[in-house]
Number of protein chains: 2
Amino acid sequence: MLIGSTIDSKKMKTFLPVGTCPIRDILSRLGDKWSLLVLVTLKANGTMRFSDIHKSIGDISQRMLTVTLRSLEADGLVNRKVYPEVPPRVEYSLTPSADELMLPLHSLVEWAMKNMQDIVSSRELYKNKG
Amino acid sequence: MLIGSTIDSKKMKTFLPVGTCPIRDILSRLGDKWSLLVLVTLKANGTMRFSDIHKSIGDISQRMLTVTLRSLEADGLVNRKVYPEVPPRVEYSLTPSADELMLPLHSLVEWAMKNMQDIVSSRELYKNKG
DNA sequence: CAGCATCCGTGAAGATACTG
DNA sequence: CAGTATCTTCACGGATGCTG
C-alpha cells in the first residue's frame with residue numbers, strides 16, 4: 001500500500017505527490033531503462049568489473065552504464081570498489097539492501113512470466129479493435 | 001530471473017535485448033510516471049469513474065490519465081466500461097490479471113517502505129561527498 | 001580500463017483550449 | 001463528464017571523442 005489518507009467526503013483514498021511518496025520515487029528509479037537489468041546482472045554474476053557488466057548487458061552504452069551505476073550507488077544499492085592499479089580496476093556488487101530487493105523483484109518477474117502471453121494478446125486485440 | 005543464457009568463456013550470464021525480454025518490457029511499463037499509481041488507486045478504491053481517479057491522484061493531468069488508462073487497458077490490466085448516458089459515465093476497474101500483480105507489488109512496496117530511510121540517507125551522503 | 005565531457009535527437013509529459 | 005487536439009518543454013539516452 002502506498003501512503004494514503006482519506007480526505008474527502010467520499011472516503012476516497014488519495015496519495016501523496018511523488019516527492020514525498022517512497023513508492024513512486026523508488027519505482028520510477030527502478031523503472032528506468034537500465035537499473036533493473038544491472039541489478040539482475042549483478043545478482044546473477046556476483047561481483048563484476050565495469051567491462052564485464054558492459055559485455056553482459058550488451059546493448060547499453062558506456063555512458064548509460066556509468067550513469068546507472070552511479071545512481072544505484074547513490075541509492076545504496078551497489079558497492080563500488082576502486083583498486084588503485086594501472087590499468088584501473090573497479091568492481092561492483094550488490095549491497096544487502098539490494099539483495100533484499102531481489103525477493104520482491106523475483107515475484108514480480110514471476111508474475112510477468114506468467115502473464116506475458118495474456119498481455120501480448122491483449123495488446124494485439126486492443127490494436128486491432130479497441 | 002530474467003531470460004538469460006551462458007554464452008562466453010567466462011560463463012557470464014547475459015540477457016536478451018528489451019524487445020524480446022518480458023521483464024524489461026513490463027517493468028518499463030509499470031515504471032512510467034503514472035501506471036503504478038493508477039493501479040494502486042483502483043485497488044484501494046475499487047471501481048472508479050474517470051473524474052474520481054483524477055481527483056484521487058491529484059497532480060496528474062487529464063491527458064496523462066487518459067493515456068495511462070488506455071495503456072493499462074491495452075495491456076489487459078484495467079477494464080473500461082462506458083455507459084451510454086448524458087452526461088457520459090465511464091468506470092474503470094482492475095482485471096484479475098492486475099489483481100494478481102498486486103501481490104508482488106505489495107512486497108515491493110514493503111521493501112520500499114523498509115528501505116526508504118536508508119536510501120534517502122545514502123543519497124544525502126553521496127551528494128555531500130561521493 | 002573505466003571513465004568523463006559534449007552535443008544532439010527523440011519521446012514523455014505538461015499546459016491549454018476545445019467538444020460530444 | 002470524459003475526454004481529444006495541439007503546442008511546447010525537457011530530460012533520457014545515444015554517439016562520439018578524449019583522458020588518467
Side-chain angles (χ1 to χ4, degrees), chain A residues 8 10 12 17-19 24-25 27-38 41-42 45 47-75 78-93 126 130, chain B residues 8 10 12 17-19 24-25 27-38 41-42 45 47-75 78-93 126 130:
Chain A
D8 65 12
K10 285 176 175 166
M12 197 168 59
V18 68
R24 291 175 70 177
D25 180 280
L27 246 279
S28 68
R29 283 273 190 162
L30 265 37
D32 73 1
K33 197 167 181 182
W34 302 110
S35 290
L36 186 74
L37 198 59
V38 168
T41 300
L42 282 170
N45 293 292
T47 298
M48 294 176 84
R49 301 184 62 169
F50 184 91
S51 53
D52 285 335
I53 304 174
H54 197 188
K55 272 183 284 183
S56 177
I57 295 184
D59 59 342
I60 189 175
S61 68
Q62 212 168 22
R63 182 180 117 82
M64 286 317 296
L65 180 53
T66 301
V67 170
T68 303
L69 285 168
R70 289 292 179 282
S71 163
L72 293 172
E73 188 197 356
D75 285 5
V78 301
N79 301 307
R80 180 173 183 267
K81 176 153 196 184
V82 183
Y83 295 86
E85 306 172 353
V86 177
R89 180 161 57 107
V90 181
E91 287 184 347
Y92 295 91
S93 58
Y126 184 87
Chain B
D8 64 12
K10 285 176 176 167
M12 196 167 59
V18 68
R24 292 175 70 176
D25 181 279
L27 245 278
S28 68
R29 283 274 189 161
L30 265 36
D32 74 0
K33 196 166 181 181
W34 302 110
S35 290
L36 186 76
L37 198 60
V38 169
T41 299
L42 283 171
N45 292 292
T47 299
M48 296 176 84
R49 301 182 63 169
F50 184 90
S51 54
D52 287 334
I53 304 176
H54 197 188
K55 272 182 285 184
S56 177
I57 295 184
D59 59 342
I60 189 174
S61 69
Q62 212 168 21
R63 183 182 115 82
M64 285 317 297
L65 181 54
T66 302
V67 169
T68 303
L69 284 168
R70 290 290 181 283
S71 163
L72 292 172
E73 189 197 357
D75 284 4
V78 301
N79 300 308
R80 178 173 184 269
K81 176 152 193 184
V82 183
Y83 295 86
E85 307 171 354
V86 176
R89 180 162 58 107
V90 181
E91 287 183 346
Y92 294 92
S93 58
Y126 185 87

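When reading the values below, keep in mind they use all heavy atoms of this one structure, side chains included, and skip hydrogens, waters and symmetry mates. In the text below, chain A, chain B and the rest are named by the order of the sequence lines, each starting its count at 1.
With rounding to whole Å, A:Met48 atom CE is found 15 Å from C:dC1 atom P. Atom-to-atom, CE of B:Met64 to P of C:dA12 comes out at 9 Å; the value is rounded to the nearest Å. In this entry the distance linking CD of A:Glu73 with C1' of C:dA2 reads 14 Å, nearest Å. Between B:Arg29 atom CZ and C:dG11 atom C1' there is a gap of 14 Å when expressed in whole angstrom units. With rounding to whole Å, B:Glu85 atom CD is found 13 Å from D:dC1 atom P. One interatomic measurement links the two molecules: CG of B:Asp59 to C1' of C:dA15, which rounds to 15 Å at whole-angstrom precision. The CD1 atom of B:Ile53 sits 11 Å away from the C1' atom of D:dA2 (whole-angstrom rounding). Atom CZ in A:Phe50 sits roughly 8 Å away from atom P in C:dA2 (whole-Å rounding).
Using a 4.0 Å cut-off, no side-chain N or O of B:Arg89 falls inside it from OP1 or OP2 of C:dG20. Note on B:Tyr92: every side-chain N or O is 4.0 Å or more away from OP1 and OP2 of D:dC1. Between B:Arg80 and D:dG3 there is a side-chain N or O to OP1 or OP2 distance below 4.0 Å. Proximity of A:Ser51 to the phosphate of C:dC1: no side-chain N or O atom is located under 4.0 Å from OP1 or OP2.
A distance of 5.5 Å separates OH of B:Tyr126 from CZ of A:Arg70, quoted to the nearest 0.5 Å.
Across all strands, B:Arg49 comes closer than 4.0 Å only to sugar-phosphate atoms, never to a base (heavy-atom distances). Within the nucleic acid shown, A:Gln62 comes within 4.0 Å of at least one base atom, counting heavy atoms only.
Residues A:His54 and A:Arg49 fail the side-chain proximity criterion, which asks for heavy atoms closer than 4.5 Å.
The only member of B:Asn79, B:Asn45, B:Leu42 that meets side-chain contact (heavy atoms from CB on, under 4.5 Å) when paired with B:Ser93 is B:Asn79. When A:Arg89, A:Glu91, A:Gln62, A:Lys55 are each tested for a side-chain contact (heavy atoms from CB on, under 4.5 Å) with A:Phe50, only one passes: A:Gln62.
Where B:Ile60 and A:Glu91 each meet DNA chain C at their nearest nucleotide, the meeting point lying more 5' is that of A:Glu91.
Distance from the side chain of A:Asp32 is smallest to D:dG13 among C:dA13, D:dG3, D:dG13. When distances run from any side-chain atom of B:Arg70 to the nucleotides D:dG14, C:dG3, D:dG3, the shortest one goes to D:dG3. Which of C:dG14, C:dG20, D:dG14 sits closest to the side chain of B:Pro88 comes down to C:dG20. The B:Arg63 side chain lies nearest to C:dG14 when the options are D:dG13, C:dG3, C:dG14.
Checked by atom type, the side-chain pair A:Ser71/A:Arg29 shows a donor-acceptor distance below 3.5 Å.
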